[in-house]
Amino acid sequence: MTPEALAALIAEVVAALTGSGALSLPDGLTPNVNVERPRVKEHGDYATNIAMQLAKPAGTNPRALAELIKGQLEQNAGIAKVDVAGPGFLNITVASAAQGQVAADIVAAGAQYGSNETLKGMKINVEFVSANPTGPLHLGGTRWAAVGDALARVLQFSGAEVTREYYFNDHGAQIDRFAKSLLASARGEAVPEDGYGGQYIHDIAAAVTAQHPDAKDLPTDEAIEAYREAGVTMMFGEIKADLNAFGVDFDVYFHENSLHESGAVDRAIERLTSMGNTFEKDGALWLATEKYGDDKDRVIVRSDGTPAYISGDLAYYLDKRERGFDLCFILLGADHHGYIGRMMAMCEAFGDKPHENLEILIGQMVNLLRDGTPLRMSKRAGTVVSMDDLVDAIGVDAARYALTRYTNDTNIDIDLDQWAKASNDNPVFYVQYAHARTCRMMANAADLGMAIPTDFDPSLLSHERDGELLRALAEFPGVVASAAELREPHRIARYLEASASVFNKWYDTRECRMLPQGDEPVTAANLARLMLVAATRITFHNGLGLLGVTAPERM
RNA sequence: GCCUCCGUAGCUCAGCUGGAUAGAGCAGCGGCCUUCUAAUCCGCUGGUCACAGGUUCGAAUCCUGUCGGGGGCGCCA
């Protein structure tokens, strides 16, 4: 029995009690049954505070109500014992057969175990990374590559139709500085003011020069244009290749420029104007965002007639909505948190619902530590701390895991020495090793001719450690659902670490050996444990998959 | 000045939208390998949940303020 199933059962009991008149609740009150795992063993397998929640509205006292629910609940065959404790907690012990059945249910669900359909029918756009191609992907982009992709996977596992999207600009001032820097390098000149330095500039400049030997001797304007075009193509190619190697592939690469060329920007501005949300002042066109909660109004067309950067954002958002996305995520670094106000105001100005049609997630900064000291970035000097630096140091799996195991709103310091270790201070190895161990066990079982039993007897998984492992596995769907709902993929990682620990304890328990020892015959209990191991393997495999981390079968 | 994130064990961090005696890993100390992968497992040590108020049966969690640290506040992109 999963916690969700137990919660549903309790809800039925409450409904039955109100139906029979034994309990009266105010109209429209639907109890929100909260089932949790108690910290202390003596408090049973699961506990609920439902009686404390409902006592006041029902006009009774918590313990009396708890007794009432207990009486009904104990009628169910899946429930072994119910205790009323403390101020009115219901401590529930699940019958071992009902508990053990979870293993078979997981094996039956297979690759789908843990999924849910809470977002079924939702079309969701997740925009992340979106770095302009002026240099290699830096750490902030890398954090979002890992977390954004994991979030997309979690949303998909919850039934949503998800599009991963990358928005980039191949024109504009940043790109001009990039192009000028390339040309300066090709001509052997110093890095221009506000330009980009670093080895990658020289590498790309040299590559462009090799492709177009005459380009650097063109008149400067034409030469810049030539280096811009070829340089952007190369840089963007590298970024895409890096992301691909990182296991992240986008469905859509969206060019900001296309919005200007297609007239989408003008249409967006017209739409906002017709809704009375723009005005002219000081020769510029403004979007009235302040009335929708922004700090101040924003210029969208400058007094010289050129569109401001935000005009692209307006058109881009409108474009996404017109492509049918119900919900648009934008994943940004902490240095962009100031955008939330204007973007939400923009959303409302279009007549949409902020935080419902548009969600902006902010990820805090990432630092790499080597020997305890942070690696610092400097654009001028070209000391970019990039995705490559991270991946080269610790590998893709550890990098993705290290970036997804923390909440978005905390700064991360990644200690390269720690994450490069193949040891227990490295959580990714701990989880992967547990998975590999299940695979080895199953291979060993197959060698002995053992197969997943068709006449599985769930009551044989009656050891205390069996129950602990089963309860851990049963938690997975709830963890996925909350990761999706709260947009917090790190919950998956933390769950896997805790569950790997429970599995290892089970593995270490002599009474729970899965394989027959020595000349012992294969018993029904051995086969029941094989089912449990199979369920564990599936759960770890699916969980690692949601993080985009590989699940090796052997380590 | 304003906005925003963070402050929990020596270190790095969880804490399931308010529950029972605040957890994990690492570090430190001490144990378990003839039997499924010891990258495992067991025990011990370690806390003013930054501080002060408030909300209530109950607060690390919600609200207000203070202190400390990170990041931001362009007709840049």
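Letters A, B, ... mirror the listed sequences (proteins, then strands); counts begin at 1.
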Does A/Asp335 get its side chain close enough to the base of B/G72, under 3.5 Å, for a donor-acceptor pair?
-> no
From the options B/A20, B/U40, B/C75, select the nucleotide whose nearest atom is closest to the side chain of A/Trp286.
-> B/C75
B/S/- along nucleotides 5-12 of chain B (protein heavy atoms under 4.0 Å) is SS-----S
B/G18 P sits how many Å from A/Glu36 CD, rounded?
-> 12 Å
For RNA chain B, consecutive-pair runs of 3 or more (Watson-Crick or G-U wobble, both H-bond-type distances under 3.5 Å) give B:1-7 with B:67-73, B:10-13 with B:23-26, B:28-31 with B:41-44, B:50-54 with B:62-66
Can you pull the salt bridge (charged side-chain N to carboxylate O under 4.0 Å, His left out) pairs that have at least one residue in residues 426-453 of chain A, sequence neighbours excluded?
-> none
Closest nucleotide among B/C75, B/G15, B/U40 to the A/Ser303 side chain | B/C75
Any idea if B/U55 is syn or anti, going by the 90°-from-0 cut?
-> anti
Hey, does the side chain of A/Lys505 come within less than 4.0 Å of B/C42's phosphate (OP1/OP2), counting only N and O?
-> yes
Output the single nucleotide from B/C76, B/U37, B/A20 whose closest atom is nearest the side chain of A/Arg554.
-> B/U37
Selection: residues 432-444 of chain A, any non-hydrogen atom under 4.0 Å of RNA chain B = A/Tyr433, A/Ala436, A/Arg437, A/Arg440, A/Met441, A/Asn444
Is A/Thr407 near enough to B/A14 that one of its side-chain N or O atoms lies under 4.0 angstrom from OP1 or OP2?
-> yes
Which pairs, with at least one residue in residues 512-539 of chain A and sequence neighbours excluded, count as a salt bridge (charged side-chain N to carboxylate O under 4.0 Å, His left out)?
-> none
Considering only atom C1', compute the distance from B/G31 to B/U40 and round it to an integer number of Å.
-> 15 Å
Starting at CH2 of A/Trp506 and ending at P of B/C42, how long is that distance when rounded to a whole Å?
-> 15 Å
Describe, in one word, how the ring planes of A/Phe476 and A/Tyr495 are oriented to each other, choosing from parallel (under 30°), tilted (30 to 60°) and perpendicular (over 60°).
-> parallel
Could you state the atom-to-atom distance from CD of A/Glu290 to P of B/C3 in whole Å?
-> 14 Å
Among the candidates B/C36, B/U17, B/A14, find the nucleotide nearest to the side-chain atoms of A/Leu486.
-> B/U17
Considering only B/A14, B/G70, B/C73, which nucleotide approaches the side chain of A/Met365 most closely?
-> B/G70
Interatomic distance where NZ belongs to A/Lys296 and P belongs to B/C73 [whole Å] | 10 Å
Remember a base hit wins even if backbone is also touched, and classify A/Glu553 as base, sugar-phosphate or nothing at under 4.0 Å, heavy atoms.
-> base
Using a cut-off of 4.0 Å on non-hydrogen atoms, how would the nucleic acid contact of A/Arg491 be classed: base, sugar-phosphate, or nothing?
-> sugar-phosphate
Return each pair, listed once, that meets salt bridge (charged side-chain N to carboxylate O under 4.0 Å, His left out) where at least one residue sits in residues 497-506 of chain A; pairs must be two or more places apart or across chains.
-> A/Arg405-A/Glu497
A/Val102 and A/Met1 have their tightest heavy-atom pair at CG2-N, 3.1 Å
Could you give the distance separating B/G70 and B/U56 at their C1' atoms, to the nearest angstrom?
-> 34 Å
Rounded to the nearest angstrom, tell me the gap between atom CD in A/Glu488 and atom P in B/C16.
-> 9 Å
Nearest 0.5 Å, what's the CD1-CG distance between A/Ile92 and A/Asp45?
-> 9.0 Å
Per-nt protein contacts along nucleotides 56-64 of chain B (heavy atom under 4.0 Å; B base, S backbone sugar-phosphate only, - none) come out as -S-------
Is any side-chain heavy atom of A/Arg228 less than 4.5 Å from a side-chain heavy atom of A/Ile175?
-> yes
Mind calculating the distance between CG (A/Asp297) and P (B/G74) to the nearest angstrom?
-> 14 Å
So what does A/Arg513 touch, heavy atoms closer than 4.0 Å: a base, only the sugar-phosphate, or nothing?
-> base
If only side-chain N and O atoms of A/His336 are considered, is one of them under 4.0 Å from the OP1 or OP2 phosphate oxygen of B/C3?
-> no
Answer with yes or no whether A/Asn504 presents, from its side chain, a donor or acceptor under 3.5 Å of a partner atom in the base of B/A38.
-> no
Whole-angstrom distance between B/A9 and B/C44, as gauged at atom C1' = 15 Å
In this structure, CD1 of A/Ile330 is separated from CD1 of A/Ile360 (nearest 0.5 Å) by 5.0 Å
B/A38 phosphate, OP1 or OP2, under 4.0 Å from A/Tyr507 side-chain N/O | yes
Starting at CG of A/Asn257, measure out to CG of A/Asn169 and round the result to the nearest 0.5 Å.
-> 7.0 Å
Calculate, to the nearest 0.5 Å, the distance between atoms OG and CG belonging to A/Ser181 and A/Asp176 respectively.
-> 10.5 Å
Please evaluate the base of B/G72 for a donor-acceptor partner in the side chain of A/His337 within a cut-off of under 3.5 Å?
-> no
Partners of A/Asp297 by salt bridge (charged side-chain N to carboxylate O under 4.0 Å, His left out), sequence neighbours excluded?
-> none
Minimum side-chain heavy-atom gap A/Asp409-A/Ile362 below 4.5 Å = no
Identify which nucleotide among B/A39, B/C41, B/G71 has an atom closest to any side-chain atom of A/Met555, counting heavy atoms from C-beta outward.
-> B/A39
So what does A/Asp447 hit on the nucleic acid, given a heavy-atom distance under 4.0 Å: a base, only sugar-phosphate, or nothing?
-> nothing
Quick one: A/Tyr196 OH to B/C76 C1', roughly how many Å, whole number?
-> 11 Å
If you look at every strand shown and take non-hydrogen atoms under 4.0 Å, does A/Ala47 touch a base, only sugar-phosphate, or nothing?
-> base
A/Asn526 side chain to A/Met514 main-chain N or O, any donor-acceptor pair under 3.5 Å?
-> yes
With A/Tyr316, which residues qualify under ring pair (Phe, Tyr, Trp, His ring centres under 6.0 Å), at least two apart?
-> A/Tyr167, A/Phe254
Using salt bridge (charged side-chain N to carboxylate O under 4.0 Å, His left out) as the criterion, list what pairs up with A/Glu359, not counting sequence neighbours.
-> A/Arg487
What interatomic distance, in whole Å, is found between P of B/C33 and the corresponding atom of B/U48?
-> 38 Å
Span that lies between the P atom of B/A14 and that of B/C62, in whole angstrom = 14 Å
Contact class for A/Asp282 vs. all strands (heavy atom < 4.0 Å): base, sugar-phosphate, or nothing?
-> base
Could you work out which one of B/G72, B/U40, B/A39 sits closest to the side chain of A/Phe429?
-> B/A39
Separation of atom CD1 in A/Ile362 from atom C1' in B/G70, rounded to whole Å = 14 Å
By ring pair (Phe, Tyr, Trp, His ring centres under 6.0 Å), which residues pair with A/His43, not counting sequence neighbours?
-> none
Mind checking what makes ring pair (Phe, Tyr, Trp, His ring centres under 6.0 Å) contact with A/Tyr253, not counting sequence neighbours?
-> A/Tyr166, A/Phe236, A/Phe250
